[in-house]
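All residue numbers in this chain count up from 1 along the given sequence. For the numbers below, each heavy atom of this structure counts, side chains included, while hydrogens, waters and symmetry mates do not.
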Amino acid sequence: MLTVSDAWKAAFPGAVVGTVVIRGALNDRPSPWLEERKRLVEAEVRERFRSTPDFKSSGPVLAYTSYYKRFDKTYHVLLQAQSVALKGKTLPTVSPLVDAMFMAEIEDLLLTAGHDLDKLELPVRLGVSDGTERYSRLGGDEQLLKPGDMYISDRVGVIASVIYGPDRRTAITPATRSAVYTVYAPPGIDPENVQRHLERLRDYLLAACPGAGTEEILLYPA
């Protein structure tokens, strides 16, 4: 699925990116199973925050905090988890292919992006920004990448970066039938955590989209 650049390997020794693909999904209707599961996920996240006082300095959070600090940014997945755990927020309902991703992301705190596979112009390449790359973010704003950020591009251009997230062109919509998910793990995160996260995401996708099929989980270490 991915071609990994030498520049990315040199810039992020110890990092890993993982992917999983789903095909044949129906994404234009709610999933009752996911709605039930969301309430359990929210309860588990709240309990974890209560029982782990040093949560911010444990697990993958420390690795992401270190990465984002280089760009004067805060790890937004942690903020989202805190809003669920400490402010009583609930997980959003968008579509099964998006909701499953958010659920797994909040549980494992691993940065994940989803793309409509049929909108991609293969091949897809994993690189490191030199600060000249631009793309349209999910909200439609034009964004110049920061030098040194991880990003993924296809033949048309950038489809996602760690700091600024996924693009608008390849976004998952209700009409999406096939999707690819990428997990970005900076140095300090065990590849086994990425594998387990993608397995969790795969299981959620299959439960939410009966009749769909997934492809092999792939990991790309630096």
Side-chain angles (χ1 to χ4, degrees), residues 1-3 16-42 44-45 76-77 80-81 84 90-126 135-140 152-162 165-185 193-220:
M1 171 58 71
L2 283 179
T3 298
V16 62
V17 167
T19 64
V20 66
V21 169
I22 183 170
R23 296 183 185 272
L26 292 177
N27 195 43
D28 58 355
R29 62 202 65 180
S31 166
W33 184 88
L34 276 184
E35 293 306 310
E36 285 190 28
R37 179 62 193 171
K38 283 178 192 175
R39 306 291 83 82
L40 295 176
V41 170
E42 291 158 2
E44 290 167 1
V45 170
H76 67 277
V77 176
Q80 291 166 349
V84 171
T90 58
L91 293 170
T93 297
V94 181
S95 69
L97 293 181
V98 173
D99 295 357
M101 177 183 68
F102 282 152
M103 288 165 58
E105 193 176 43
I106 289 295
E107 281 187 272
D108 298 321
L109 296 175
L110 295 184
L111 182 65
T112 310
H115 305 274
D116 187 317
L117 186 60
D118 295 326
K119 295 176 182 176
L120 292 178
E121 296 289 339
L122 302 177
V124 180
R125 179 177 175 273
L126 175 60
Y135 74 119
S136 293
R137 297 173 64 181
L138 197 57
I152 290 181
S153 61
D154 66 0
R155 285 192 301 168
V156 175
V158 175
I159 64 169
S161 70
V162 168
D167 74 326
R168 186 179 183 89
R169 173 173 57 90
T170 67
I172 293 172
T173 70
T176 299
R177 294 295 174 263
S178 298
V180 57
Y181 298 88
T182 56
V183 180
Y184 302 83
N193 288 349
V194 178
Q195 177 74 28
R196 287 194 293 268
H197 173 69
L198 288 168
E199 290 171 355
R200 184 196 302 276
L201 174 56
R202 176 199 61 199
D203 293 345
Y204 283 170
L205 291 167
L206 292 176
C209 304
T214 56
E215 298 180 3
E216 180 184 9
I217 292 170
L218 299 174
L219 298 185
Y220 302 85

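Scanning for side chain to side chain donor-acceptor pair (under 3.5 Å) contacts around R169 gives D154, with sequence neighbours left out. Residues passing the side chain to side chain donor-acceptor pair (under 3.5 Å) test with Y220, sequence neighbours excluded: none. Residues passing the salt bridge (Lys or Arg N to Asp or Glu O under 4.0 Å) test with R202: none are found, sequence neighbours excluded. Under the rule for a side-chain contact (heavy atoms from CB on, under 4.5 Å), P32 has no partner lying at least two apart in sequence or in another chain. Listed by chain and number, the residues in a side-chain contact (heavy atoms from CB on, under 4.5 Å) with D118 are D116, S178 (sequence neighbours excluded). Qualifying side-chain contact (heavy atoms from CB on, under 4.5 Å) partners for A212, counting only residues two or more places apart in sequence or in other chains: I22, A25, C209. Every residue two or more places apart in sequence or in another chain that forms a ring pair (Phe, Tyr, Trp, His ring centres under 6.0 Å) with Y204 is listed here: W33. Remark: R29 engages no residue in a salt bridge (Lys or Arg N to Asp or Glu O under 4.0 Å) (not counting sequence neighbours). Judged as a side chain to side chain donor-acceptor pair (under 3.5 Å), and not counting sequence neighbours, the contacts of E215 are R23. Here R168 pairs with nothing under the salt bridge (Lys or Arg N to Asp or Glu O under 4.0 Å) rule; sequence neighbours left out. Among residues two or more places apart in sequence or in another chain, the side chain to side chain donor-acceptor pair (under 3.5 Å) test is passed with S31 by none. Every salt bridge (Lys or Arg N to Asp or Glu O under 4.0 Å) that E107 has, sequence neighbours left out, goes to R37, R200.
In this structure the side chain of K38 never reaches within 4.5 angstrom of the side chain of T90, judged on heavy atoms. Q80 is listed as a side-chain neighbour of V77, based on a closest heavy-atom distance under 4.5 Å. A 4.5 Å side-chain heavy-atom check between V194 and L219 finds at least one atom pair inside the cut-off. Counting heavy atoms from C-beta outward, V21 and L117 have side chains that approach closer than 4.5 Å. V183 has its side chain within reach of L198: a pair of non-hydrogen atoms, C-beta onward, lies under 4.5 Å apart. L26 places a side-chain heavy atom less than 4.5 Å from the side chain of R177. Looking at V158 and D167, their side chains never come closer than 4.5 Å, going by heavy atoms from C-beta outward. Between T19 and L2, some side-chain heavy-atom pair lies under the 4.5 Å cut-off.
Separating the NZ atom in K119 from the NE2 atom in H115 is a distance of 11.5 Å, to the nearest 0.5 Å. Within the model, atoms CD1 of I159 and OG1 of T182 stand 6.5 Å from one another, a figure rounded to the nearest 0.5 Å. The line from CG of L206 to OG1 of T214 is 4.5 Å long, rounded to the nearest 0.5 Å. A distance of 3.0 Å separates OH of Y135 from OG of S161, quoted to the nearest 0.5 Å. Note that CZ of F102 and CG of L201 are 12.0 Å apart. Values are rounded to the nearest 0.5 Å.
Considering every non-hydrogen atom in both M1 and V180, the closest pair reads CE-CG2, 4.2 Å. Heavy-atom minimum distance, A179 versus I172: CB-CD1, 4.0 Å.
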Test side-chain contact (heavy atoms from CB on, under 4.5 Å) on M103 and L34; report intermediate values, then the result. CA-CA 9 Å; M103 288 165 58; L34 276 184; 3.5 Å; yes
Check step by step if side-chain hydrogen bond (donor to acceptor under 3.5 Å, both in side chains) holds for T93 and E35. CA-CA 8 Å; T93 297; E35 293 306 310; 3.1 Å; yes
T112 and Y184: side-chain contact (heavy atoms from CB on, under 4.5 Å), yes or no, with the steps? CA-CA 6 Å; T112 310; Y184 302 83; over 6 Å; no
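When the options T176, N27, T173 are evaluated for a side chain to side chain donor-acceptor pair (under 3.5 Å) with S95, the one that passes is N27.
A salt bridge does not link R196 with D108: none of the charged nitrogens is closer than 4.0 Å to a carboxylate oxygen.
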